[in-house]
Structure formats: structure tokens, C-alpha cells
Amino acid sequence: MEEVKLGILGMGTVASGLINIIEFNNSKLIENINKSLIISKVLVKNPDKKRNVNLDSGVYTSEAYEVINDRDVHIIVELIGGIHPAYEYIKAALNNKKHVVTANKALIATHGQELESLAVKNKVKLMYEASVAGGIPIINTISENLAANDFEQIIGIINGTTNYILTQMTDCGLEYDYAVKEAQRLGFAEADPSSDVEGDDAAYKISILATVAFGQRINIKDIPKEGITKISKEDIKYAKELGYNIKLLASAIKKNNEIELSVHPAFVPQDHPLSTVKNEFNAVFLRGNAVGELMFYGRGAGSLPTGSAVLGDIISIIKNCKIEEQSSNNSIKIVNKAYKPYYIRFEVIDKPGVLGKIANIFGENNISLASVVQRQKNGNDTAPLVFITHEVERKNIDAALEKIKNFKYVTNIASIIMVENFK
Ligand code: HSE
């Protein structure tokens, strides 16, 4: 039987998942592709270290170019992560006319276009299904199965760490710091969780999804992002009372000839399917002009789910090596209007006329109010005052708040959170 030889760069969680799936699903794989998959070289830091996978010790090397330049290797699987040296390794592999499969979101988000052109030039494939939402098959689904559609909305919960933290704050009443520690203890969050909690990880992923869906390379700098570090238990309580859950959403919305992208915490109505996505799970909700609404749900990280996505790409290359250049549609304008309803929470001195004065300033800035809630005074003589607005551009909110912040009875503008109305 014909053999397909894999060279794997990196031996972390995803690589061990991939190797384990190849072992335990081997007969099913052989039946599917009619070839046998051989792991012939694996780049590791220390070739002598004892590992938890069933591979011959002779496959390990600490020399990257021993894998990349091996004439017998057909497919390079890059699982090192980060931009350097993964970028140099992938370039060298493509120039060696080897197909490449990667799970590297940072690299694809920043150098994807150049690497895809290089793959086309060398008549090989570059595939990166595992770079977004781990086990959820979303990239190839958008680019192939849903290729008939013009996409109107892609809205995802595509960072499991932040979804875990927000779920624990919402369902178990945990404080933010404690929820982060729990996420670290369970292995969802890194020791330095900033890439997840500041929204960078989700921004990389939505830029990849939007590039695939809209055929236009998105610069990561065009994505305004806000993480979850400022979300308080107070906001979570108000969200619940008002019929929402707070989620970190990554969104790409196309209207007419404009695309708007962002990563931001949002109030999501409790009856929307995204609101029910809990803990470390991911989901991508999308609307295409032919298919209508779809939602994909699953594990966005982890050894076997991500290994499953990597192996899916490997199988796709083996079954179909047709090479097509991705066209780039640069006619769509990228905008940043954030035209949505907003939740705004103030701490105010509870005096006659305070609510009226704030409402006036909102009116002057063309902000229409959908609801107002005032609760009992806090111990320090201030009272929380919560507004939900109708749809308005974020710049109007910022202009109003600029004036309101100088108003002496407003002691704190505690939160401004977008309300996702899926329009
Ligand atoms: N850190 C990511 C998350 C997983 O929390 O979803 C890898 O992309």
C-alpha cells in the first residue's frame, strides 16, 4: 500500500493528540484514504526525553531542517505555534514543494496571504483548519461547503478561556480573579492569560474567518478589540436581570459593501443559541444569504479535538491536492461604526434631576433610550443607574460620556458594554 509520510514540527498537546488519533483510528483511516499514514520525523527540543506517544525513538530530531528537507516527507505539520521560527519553517517547506498543515492562528492571521501565494506558486496546499475554534470544522466549511453564500454575519465565541471565566462568574458567582485561577488550574488559561483575556487570541481567529468568508485579507490592526478584564460581577448581575448573558464575541458583519470587525464583551439575549454556550466550549454563528442562519458548536481547544482538525486537513490533502489561488476581493471597505444598542452603568449621587440631566445629554447626542433601571443606594450614598440604549454608533456614546463624566453627581462611569442584537 502506498505510504504518505508526515513530518511534524513540535511535540506538544496537539501533536500528541494527532499521533494518538492516527494510532487508534488507523484502520478507519486506511479504509478512507487507501494509503497508510507514516509519522517519519518529529521535531522536538530533546530527542531523548520519554514521551507519552507510541512512536519509534528514531523519528525524533532536534534539527528542524532534517524534517523540512527530508525528501521522503510529503506533508509538514507545523505545531510549534508563535510567529518565529514557524514562519521560516513553513516558507522553507512550501519552497521544498511540501504540503503544509498548521494550527498556528497568529502566523496565519499575520502572514497568511504571503504563505498562501507561496503555496500556490509551488503548487502545494497550505491548510489551517485547526487555527480557529479547535475541533469545530469551520474554515473548510466556509470556504467549501458554504461557498455558494455571500456572508452577512459571522459571530463567534472563539476563545474558550474567556468563555470559561465568564460562565463561572455568571453561573457560580465567582470573582474574575478566582475564575482566572480556576481556568489556569484546569489548563484552559496560560500562566500569563493576557492573550486570551485581552482579546488577542479571538482577534487572530476572527481575522482568519473573515478573510476566508469575505475573500479579503483582513489586517489584524483593523480589528478593534476589548477583552474581559473590566467585566464585574455587578455587570453580570444586571445582564442576568435584564435577560442577557455576557459573552466575549468576535464578530465580522457585512452590510452593503462594508465589513465591520470587532472583539468585545457583549450582552447576548438569553434566548439566543450563543448565550447557551458555556465554559470552555466554542461556537460560531453565521448567516449566509442562501443558507440562512447556522451555528457550529464544539471544543475549541484540546489535544484530540484540535488533533482531529489537523488530521482532517491531512486527509483532505491526500484525497484532493487540487491547487487553487484564493482570489482577494479588495473592493470591500472596512469600517468601525459599532452601530448597536449599549448597556451603560453609572454610579450617581441619588439627587433629583440627575437622571434627567444624563438623559438630556443622551438626547443631545441622538441616543435614544430603551430602558432605565435604578436600584437601591450603595452604602456610600451613591446609587447604580443602568441604561440600555437603542441602536446608535459608538462615537455618539463616547461623545455623550465625555460630557457626562464632568457632571458632578456622576461619581463613576462603571461600564459600557455592547448589546448584541444580531442585526
Ligand atoms: N487559548 C485558546 C482558547 C485556545 O482559550 O480558546 C487555543 O486557541
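If you're wondering where the values come from, they're calculated on a predicted model, not measured in any experiment. Remember, it's 1-based here, ligands and their atoms both numbered in the order they're listed.
What sits closest to atom 1 (N) of ligand 1 on the protein, heavy atoms only, is Asp196 OD1, 2.9 Å. Protein heavy atom closest to atom 4 (C) of ligand 1, with residue, atom name and distance, is Ala301 CB, 3.7 Å. Gly160 N, 2.6 Å is the protein heavy atom nearest to atom 6 (O) of ligand 1. Among protein heavy atoms, the minimum distance from atom 5 (O) of ligand 1 is reached at Thr161 OG1, 2.5 Å.
Between the Asn282 side chain and the Arg299 main chain, no donor and acceptor come within less than 3.5 Å of each other. Under a 3.5 Å cut-off, the side chain of Asn25 and the backbone N or O of Ile21 do not form any donor-acceptor pair. For the pair Thr110 (side chain) and Ala106 (backbone), a donor-acceptor distance under 3.5 Å is present.
Under a 4.0 Å heavy-atom criterion, Lys105 is in contact with ligand 1. At least one heavy atom of Lys205 sits under 4.0 Å from some atom of ligand 1.
Among Ile90, Val124, Val73, the one residue that satisfies the side chain to side chain contact (heavy atoms under 4.5 Å, CB included) test with Lys98 is Val73. Remark: of the listed residues Phe362, Tyr238, Tyr343, Tyr342, Phe362 is the sole one forming a ring-ring contact (aromatic ring centres under 6.0 Å, His included) with Phe387.
For Lys35, the NZ atom counts as densely surrounded, since its 6.0 Å shell holds more than 12 non-hydrogen atoms of other residues, nucleotides or ligands.
With ligand atoms numbered from 1 in the order given, ligand 1 contributes 2 (C), 8 (O) to contacts under 4.0 Å with heavy atoms of Asp201.
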